[in-house]
Amino acid sequence: QVQLVESGGGLVQAGGSLRLSCAASGRTFSNYAMGWFRQAPGQERNFVSAISWTGDRTYYADSVKGRFTISRDNAKNTVYLQMNSLKPEDTADYYCAATRYYSGSAQMNKYNYWGQGTQVTVSS
């Protein structure tokens, strides 16, 4: 089992920045590729970004490319999502997820473990 706990969400004005963190515990963190997804009220959960086991490859949804940066620190068992130039449409609950084999996947069913989410609200 892998336990994931997100933090860093909050309320921010449009144009502002937030950094989300996802702390992992349980099995060896570096054995898992990681992803971030988000779910706005009344909408489906969508892919945001992903990172490979070592962090050498990163992947982004078109909607966040150039504004968000994913990174990981395997020594700290943590994955991060730096979000800049935030827009009201970025408002959502953000979830981190771990996948043993499917690095870079945008498909929810490829991820084995999920966190409980952290809320991000961007005001206009």
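The basis for the numbers below is simple: all heavy atoms, side chains too, and nothing from hydrogens, waters or symmetry mates. Treat the numbers as computed from the prediction; the structure is a model and nothing was measured.
- Taking the six-membered ring for Trp and the full ring otherwise, the centers of W36 and F47 sit at least 6.0 Å from each other.
- Between atom OH of residue Y94 and atom CG of residue L18 there is a gap of 9.0 Å, rounded to the nearest 0.5 Å.
- Residues V122 and Q13 form no side-chain contact, since every pair of their non-hydrogen atoms from C-beta on lies 4.5 Å or further apart.
- Nearest heavy-atom pair, M34 versus A98, reported as atom, atom and distance to 0.1 Å: SD-CB, 3.6 Å.
- Proximity of V120 to T91: side-chain heavy atoms (C-beta onward) are nowhere separated by under 4.5 Å.
- A distance-only check finds no donor-acceptor pair linking the side chain of S105 to the backbone of S103 [under 3.5 Å].
- M108 and Y60 fall into different hydrophobic clusters, defined by Ile, Leu, Val, Met, Phe, Trp and Tyr side-chain heavy atoms under 4.5 Å apart, directly or through other members.
- Clustering ILVMFWY residues whenever any of their side-chain heavy atoms sit less than 4.5 angstrom apart, transitively, puts W53 in a cluster other than the one holding Y102.
- Note that OG of S25 and CG of N77 are 8.0 Å apart. Values are rounded to the nearest 0.5 Å.
- Contact record, P88 with A14: CD-CB, 4.1 Å, taken as the closest heavy-atom pair.
- If you check the side chains of N84 and Q82, you find a donor sitting under 3.5 Å from an acceptor.
- For the atom pair NZ of K65 and OG1 of T58, the computed distance is 9.5 Å after rounding to the nearest 0.5 Å.
- In this structure the side chain of V12 never reaches within 4.5 angstrom of the side chain of T121, judged on heavy atoms.
- Between Y111 and F37, the gap from one ring centroid to the other is short of 6.0 Å.
- In plain terms, the two heavy atoms of Q43 and Q39 that are nearest each other are O-NE2, 3.0 Å.
- Between Y95 and W114, the ring-plane angle classifies as perpendicular under the 30° and 60° cut-offs.
- Y59 places none of its side-chain heavy atoms less than 4.5 Å from the side chain of V48.
- Judged as a side-chain contact (heavy atoms from CB on, under 4.5 Å), and not counting sequence neighbours, Y101 has no contacts.
- K110 NZ to R100 CZ: the interatomic distance, rounded to the nearest 0.5 Å, is 15.5 Å.
- Between V2 and A24, the closest heavy-atom pair is CG1-CB, 4.4 Å.
- Other residues, nucleotides and ligands place no more than 12 heavy atoms under 6.0 Å from the CD atom of Q116.
- Proximity of Y80 to L20: side-chain heavy atoms (C-beta onward) are nowhere separated by under 4.5 Å.
- Closest of all the heavy-atom pairs between S21 and T78 is CB-CG2, 4.2 Å.
- Around CZ of R27, the count of heavy atoms belonging to other residues, nucleotides or ligands within 6.0 Å does not exceed 12.
- Taking 4.0 Å as the cut-off between side-chain N and carboxylate O, D90 and K87 do not count as a salt-bridged pair.
- The backbone N or O of C96 lies less than 3.5 Å from a partner atom in the side chain of E6, making a donor-acceptor pair.
- The distance from the CZ atom of R72 to the OG atom of S30 is 7.0 Å, given to the nearest 0.5 Å.
- Put simply, the side chain of Y32 does not reach to within 4.5 Å of the side chain of T99, judged on heavy atoms.
- Here the CG atom belonging to N112 is positioned 9.5 Å from the CD atom belonging to Q1, to the nearest 0.5 angstrom.
- A distance-only check finds a donor-acceptor pair linking the side chain of T118 to the backbone of G9 [under 3.5 Å].
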